[in-house]
Protein chains: 2
Amino acid sequence: MNEGLNERSRQILEAIIEDYIHTGEPVGSRAITRRHDIGLSPASVRNVMADLEELGYLASPHTSAGRIPTEKGYRFYLNCLLQVRELSRQERLWIRQHYQRRGLQMEELLREAGRILSTTSSYTGIVMVPKLESSVFRRMEFISLAPRRIMVVFISQSGMVEHRLIETDMPITEGELQEAANYLNATFSGLGIQDIKQRIVIEMAREKALYDDLLRRAILLSSKVLEDDLGGQVFIEGTANILEQPEFSDINRMKRLLRAFEQKSLLVELLHQTQQVEGVQIFIGSPSEYSEIEGCSLVTASYSSRRGTVGTLGIIGPTRMPYAMVIPLVSYTASLVGSILDNEAE
Amino acid sequence: MNEGLNERSRQILEAIIEDYIHTGEPVGSRAITRRHDIGLSPASVRNVMADLEELGYLASPHTSAGRIPTEKGYRFYLNCLLQVRELSRQERLWIRQHYQRRGLQMEELLREAGRILSTTSSYTGIVMVPKLESSVFRRMEFISLAPRRIMVVFISQSGMVEHRLIETDMPITEGELQEAANYLNATFSGLGIQDIKQRIVIEMAREKALYDDLLRRAILLSSKVLEDDLGGQVFIEGTANILEQPEFSDINRMKRLLRAFEQKSLLVELLHQTQQVEGVQIFIGSPSEYSEIEGCSLVTASYSSRRGTVGTLGIIGPTRMPYAMVIPLVSYTASLVGSILDNEAE
DNA sequence: CGTTAGCACTCCCTTTGCAAGAGTGCTAAC
DNA sequence: GTTAGCACTCTTGCAAAGGGAGTGCTAACG
């Protein structure tokens with residue numbers, strides 16, 4: 001775990017990273033000795049820094065600048081050096097106060113969570129709406145718009161609402177629709193979407209065996225509704241915030257990041273990856289792998305309600321980020337959102 | 001209409017504005033004589049330019065730069081000089097092809113329209129979803145989530161779907177809800193929301209006189225649903241596009257614009273203002289009035305379906321914008337969206 | 001033998017000065 | 001009325017110079 005760094009090296013590495021997080025400037029040996037009490041002269045610190053650079057934890061932008069942490073440096077810092085403090089009671093209270101508006105719909109709640117994450121961190125908040133896949137069916141309604149055009153409204157246990165338009169091959173009357181809905185609601189209510197999909201496949205297989213025409217149609221309808229992935233939307237709040245960071249004074253970097261925000265697919269992918277994992281996840285954008293968010297970190301955590309709905313939220317900011325503040329914020333927000341979802345759905 | 005400018009001044013003003021729109025650089029007298037055939041020497045052009053500057057149509061960034069159009073200059077250009085060509089059949093076809101995906105829900109259609117506006121203009125597309133106020137009621141459904149918690153799904157004639165959560169003072173059973181919905185649907189279907197609101201006020205007034213408890217509740221429910229403004233959302237698509245424009249190499253301007261995009265309220269206000277007007281509207285952001293979008297222009301047009309739903313769409317870009325291309329694009333898009341809405345709602 | 005002071009060196013950043021270029025406004029001639 | 005000529009202004013680019021910050025090395029110190 002300590003990766004062969006002795007106590008002194010670790011201490012100095014930590015000092016450098018924390019100073020760098022604080023100022024954003026490369027940090028030199030003298031600055032360290034001034035700001036931290038390590039009982040060494042700048043020259044000694046320099047020796048250690050040279051070692052750390054050789055080991056790949058630090059880098060220097062040019063010969064006569066100070067050092068900045070590398071990706072590897074950050075990783076080590078996050079794994080071994082950083083101790084995340086818990087939020088104090090006051091801080092918790094302060095965050096909780098932002099969520100006071102009750103009776104929010106799920107979508108609004110999550111958007112709000114993104115906004116709050118963004119403003120309290122002064123970075124960009126990012127919330128992935130739960131995939132319907134991961135939720136529990138409550139009810140669906142069919143509303144006939146035209147003989148062959150049906151609006152389907154779909155509600156999950158946790159209060160997610162999705163609607164979509166489907167077109168049928170044959171006209172269906174309102175009455176038939178109503179019956180179909182009743183049948184489906186009675187059959188599927190309380191089941192996970194995954195299970196329902198499987199059930200549908202089975203039912204479809206013996207479709208011809210169904211003597212009841214209506215049931216057949218109901219099954220067909222529901223399969224149409226569920227065939228596309230619902231949900232999985234991403235809210236990004238506070239885009240402008242992150243651009244205040246000095247690392248984005250480079251206008252091209254800024255544009256690249258904005259494009260990535262607009263695209264969203266990259267973020268969806270990343271968020272989805274961390275979905276399963278318990279606790280706070282930190283993803284550091286490397287120039288090689290995810291160049292769009294080079295220089296950025298994603299701090300995320302999954303939230304979930306008791307009903308099993310699962311989504312991810314977090315913040316995205318420059319890798320040079322006060323993790324000691326951000327990590328508990330994200331973690332607490334995730335649990336808060338989870339419990340609000342539980343309450344709201346009652 | 002010609003505001004006292006003689007033919008020559010107008011010709012030169014047009015030449016300057018068009019050159020400026022094209023290059024983005026202040027344009028000097030020699031450049032004019034080279035690129036346009038006006039049979040005058042640079043010196044003569046200079047005289048005219050000095051006059052135009054005096055009259056407020058042009059300005060010079062500094063003594064020895066060329067001239068750039070002022071706001072007033074642009075206005076005159078738009079009113080008197082610019083002749084908007086119609087789109088060719090091919091161009092229409094080309095745009096139409098982007099809208100091929102059928103069966104889109106209204107929301108998705110409008111978002112898509114924003115995206116298409118953005119990519120074809122290479123500026124930022126902006127679409128205001130119709131205010132529910134302006135639409136015609138089709139149907140609502142109540143879905144009971146908990147004894148006192150009801151999800152209301154609201155559908156307009158043009159296929160807009162809104163849902164919201166309401167809480168009631170007293171528990172209502174599913175059966176009662178169903179009856180209430182039936183009653184409201186029967187009573188209000190086909191009426192404009194405005195009318196319905198009035199009706200509700202009247203009904204509420206004689207609430208006590210209603211012996212039927214259920215009807216009273218139904219009215220109460222519907223008033224709760226309609227009390228907040230629904231709709232009026234704004235989609236902004238292609239933010240990153242506009243930032244490619246050289247006028248936004250100034251990073252602060254860029255940030256200001258992004259903040260305005262995030263805020264949206266300013267845009268909602270502007271779009272709402274132009275809602276009533278027929279045809280393409282152009283709004284030029286002035287440093288005095290709407291400083292957030294200083295240097296930007298909004299080119300908008302209302303779209304409407306036969307059912308009376310009305311929204312606004314358009315693009316936002318730098319004031320230095322090829323209006324001859326953008327205006328017909330916006331205009332055609334508005335009519336296209338209108339007619340798609342008509343078809344989709346059938 | 002680890003630590004430290006001293007010092008030369010490197011590199012960035014800002015300032016300064018200068019020259020080139022573009023465009024104007026004015027005046028005088030056509 | 002139009003145009004050529006010219007002095008003037010202002011920006012832009014470039015190069016040189018100076019200051020500042022920080023390093024790496026070496027030699028001395030405890």
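Proteins come first, then strands; the chains are lettered A, B, ... in the order of their sequence lines, and each starts at number 1.
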A/S88 backbone acceptor or donor facing A/E91 side chain under 3.5 Å | yes
Hey, can you tell me if B/Y290 and B/F283 have their rings parallel, tilted or perpendicular (30° and 60° cut-offs)?
-> perpendicular
Once Watson-Crick and G-U wobble pairs under 3.5 Å are found, how is DNA chain C written in dot-bracket notation, 5' to 3', with | for any base paired to another strand?
-> ||||||||||||||||||||||||||||||
Within the distance-only criterion (no hydrogens, no angle test), does the side chain of A/S291 pair as donor or acceptor with the backbone N or O of A/S288 below 3.5 angstrom?
-> no
Could you check B/R253 against B/E247 for salt bridge (charged side-chain N to carboxylate O under 4.0 Å, His left out), going step by step and ending with a plain yes or no?
-> CA-CA 8 Å; B/R253 209 169 186 182; B/E247 15 268 290; over 6 Å; no
Are B/L329 and B/L87 close enough, and set up right, to give a side-chain contact (heavy atoms from CB on, under 4.5 Å), and what steps lead you there?
-> CA-CA 8 Å; B/L329 169 64; B/L87 292 176; 5.6 Å; no
Going through the distances and angles, do A/L313 and A/M128 end up as a side-chain contact (heavy atoms from CB on, under 4.5 Å)?
-> CA-CA 6 Å; A/L313 55 74; A/M128 189 168 78; over 6 Å; no
Round to a whole Å and report the spacing from CD of A/E25 to P of D/dG20.
-> 17 Å
N/O donor-acceptor pair under 3.5 Å between A/K255 side chain and B/N241 backbone = no
List the steps and the verdict of side-chain contact (heavy atoms from CB on, under 4.5 Å) for B/M321 and B/V299.
-> CA-CA 10 Å; B/M321 196 196 293; B/V299 179; 4.0 Å; yes
Quick one: do the A/S44 and A/N47 side chains pair a donor with an acceptor below 3.5 Å?
-> no
Can you sort out which residues in residues 37-56 of chain A have a heavy atom within less than 4.0 Å of DNA chain D? Ascending by number, please.
-> A/R46, A/M49
Testing C/dT3, D/dT2, D/dC10 for proximity to the side chain of B/T63, the answer is D/dC10
Does a nitrogen or oxygen in the side chain of A/R67 sit under 4.0 Å from OP1 or OP2 of D/dG24?
-> yes
Sorted by number, the residues of residues 26-35 of chain A with heavy-atom contact under 4.0 Å to DNA chain D = A/G28, A/S29
Check if the side chain of B/S64 and the base of D/dT9 share a donor-acceptor pair of N or O atoms closer than 3.5 Å.
-> yes
So, the side chain of B/T274 versus the backbone of B/L271: is there a donor-acceptor pair under 3.5 Å, distance only?
-> yes
Once you round it to whole Å, what is the distance between C1' of D/dC10 and NE2 of B/H62?
-> 6 Å
Are A/E14 and A/R10 close enough for a salt bridge, meaning some N to O gap below 4.0 Å?
-> no
